[in-house]
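First up is the structure itself, then whatever we jot down about it.
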Amino acid sequence: MTWRATVLTLFPEMFPGPLAQSLAGRALTSAIWSLQSVNIRDFATDRHRTVDDTPFGGGAGMVLRPDVVDAAIAAVADDRPLVFLTPRGRRLGQRDVRRYAEAPGVILLCGRYEGVDQRVIEARGMQEVSIGDYVLSGGELPALVLLDAAVRLLPGVLGAAASAEEESFAHDLLEYPHYTRPADWQGRRVPEVLLSGHHAAIAAWRQAEAERITHERRPDLWARQVASAATAP
Ligand code: 9WO
C-alpha cells in the first residue's frame, strides 16, 4: 500500500522540493509514497483569507488561528499520526522515524509566524516534534527532513544491503569511515587493512572505528551503546 504524507502549510509550493530528487523522488513517481500538500489559507473564511491574528497578552508577531488550522486538519484527518513540527517538541530520533515509516503515513502541520494557537494542538492531540535546538522561520524544512528520513525506510526504496546498514543506527553507533580510490590521494593512504581482502579483519576494524568515533564524539550515544550491550542476549 502507498504510504501517504499530507502536509498542512502556508507554503505548499515548498513540497516536494528537494524530495523530488533521487531516492525519494523515484519512490514518489513509483507510488511507494504519495504527497498531498494542503494550503492552510484555503480554510480561511473571511474575504481577505486571514489565517493569523495578534497574540493574546501582547507581544511581537502573529499566531495561526485555531479555527482555521482545525478546519484544515478536519479535511484530511484519518488514521495517520498527526505531527506538529516545533522547537518545543520531543526530539526526533531514528526510532521515531521507523515508527512513522511503519504507520499508514503521516499528517504534518507546519507553523509559521510566532506559532500556532496552543488549543488546537491540544484538542487534536498532536504529537509535537523537533528536529533540533534551533529556530527556523517555519516547520516546512523540518517536515521535509522527517519525510526524507521516513521514505528511505519504506519497502522498495533502498536495497537490502542498505536496509541492513540502517540497523546499525539501532545499535547506537556512529558510522565507521569510508574510503574509495585512489588508494593514495595526496599522500594520504587508505588504511592497509581495507586493501587486505581479509573480510573478518575488515569487519573488526570497522567495528573498532565505529566504537572509537562514537566514544569520542557522542558520549551520550556511547553510554546507551554500553548499556544495551550489557543487557544483550
Ligand atoms: C518564534 C518566536 C518569536 C518570539 C518569541 C518566541 C518565538 N517562538 C517562535 C517560534 O517557535 N516560531 C516557530 C517557527 C513557530 C512554529 C514554526 N516555526 C518553526 C518550527 N521554527 N522552527 C521550527 C522547528 C521545528 C522542528 N524542529 C526544529 C525547528
Side-chain angles (χ1 to χ4, degrees), residues 3-20 24 33 35-44 48-77 80-103 105-153 169 172 174 217-218 220-221:
W3 190 82
R4 286 168 302 123
T6 297
V7 184
L8 308 174
T9 170
L10 288 169
F11 298 95
E13 59 287 342
M14 284 181 73
F15 297 86
L19 301 184
W33 68 297
L35 176 67
Q36 172 192 29
S37 49
V38 173
N39 193 340
I40 295 169
R41 199 172 294 283
D42 292 346
F43 297 87
H48 296 107
R49 303 222 293 160
T50 308
V51 295
D52 58 339
D53 210 329
T54 53
F56 279 123
M62 303 293 273
V63 176
L64 281 171
R65 289 174 55 111
D67 51 349
V68 176
V69 170
D70 189 65
I73 293 169
V76 301
R80 293 169 293 168
L82 180 53
V83 176
F84 174 47
L85 286 315
T86 167
R88 294 182 46 194
R90 216 170 61 90
R91 173 73 65 89
L92 181 73
Q94 190 66 18
R95 188 185 317 256
D96 306 297
V97 172
R98 221 172 288 128
R99 191 162 37 79
Y100 291 134
E102 284 163 8
V106 288
I107 302 172
L108 305 177
L109 173 63
C110 304
R112 279 273 157 174
Y113 315 117
E114 268 53 71
V116 177
D117 188 299
Q118 190 61 29
R119 292 168 297 178
V120 67
I121 308 290
E122 290 167 13
R124 286 286 180 179
M126 288 185 222
Q127 304 176 18
E128 298 187 51
V129 171
S130 167
I131 64 159
D133 293 340
Y134 30 78
V135 179
L136 304 168
S137 41
E140 286 80 6
L141 291 173
L144 287 166
V145 167
L146 189 156
L147 291 175
D148 184 79
V151 164
R152 61 185 290 286
L153 298 186
F169 216 116
D172 292 326
L174 299 179
R217 297 187 184 180
R218 292 290 304 275
D220 57 323
L221 276 186

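Along the sequence shown, the residues carry numbers beginning at 1. The structure displayed is predicted, hence computed values, not measured ones. Read the numbers this way: they start at 1 and go in the same order the structure lists the ligands and their atoms.
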### Query
Ion pair present between Arg65 and Asp70, side-chain N to carboxylate O less than 4.0 angstrom?
no
### Summary
One should read off an interatomic distance between Gln118 CD and Arg88 CZ, to the nearest 0.5 angstrom, of 4.5 Å
### Pairwise side-chain contact, Val7 with Leu147, heavy-atom cut-off 4.5 Å (strictly under)
yes
Using a cut-off of under 3.5 Å, which N/O atoms of ligand 1 pair up with protein N/O atoms, and what distance separates each pair?
from: ligand 1; atom 1: 21 (N); to: Leu136; atom 2: N; distance (Å): 3.2
from: ligand 1; atom 1: 21 (N); to: Leu136; atom 2: O; distance (Å): 3.1
from: ligand 1; atom 1: 22 (N); to: Leu136; atom 2: N; distance (Å): 3.0
from: ligand 1; atom 1: 27 (N); to: Ile131; atom 2: N; distance (Å): 2.9

### Message
Taking the side chain as everything from C-beta on, heavy atoms only, tell me whether Asp96 gets closer than 4.5 Å to Arg90.
### Response
yes
### Message
Within the 4.5 Å heavy-atom criterion, are Glu114 and Pro55 side-chain neighbours or not?
### Response
no
### Task
Pick out which of Val63, Asp53, Leu10 makes a side-chain contact (heavy atoms from CB on, under 4.5 Å) with Tyr113.
Leu10
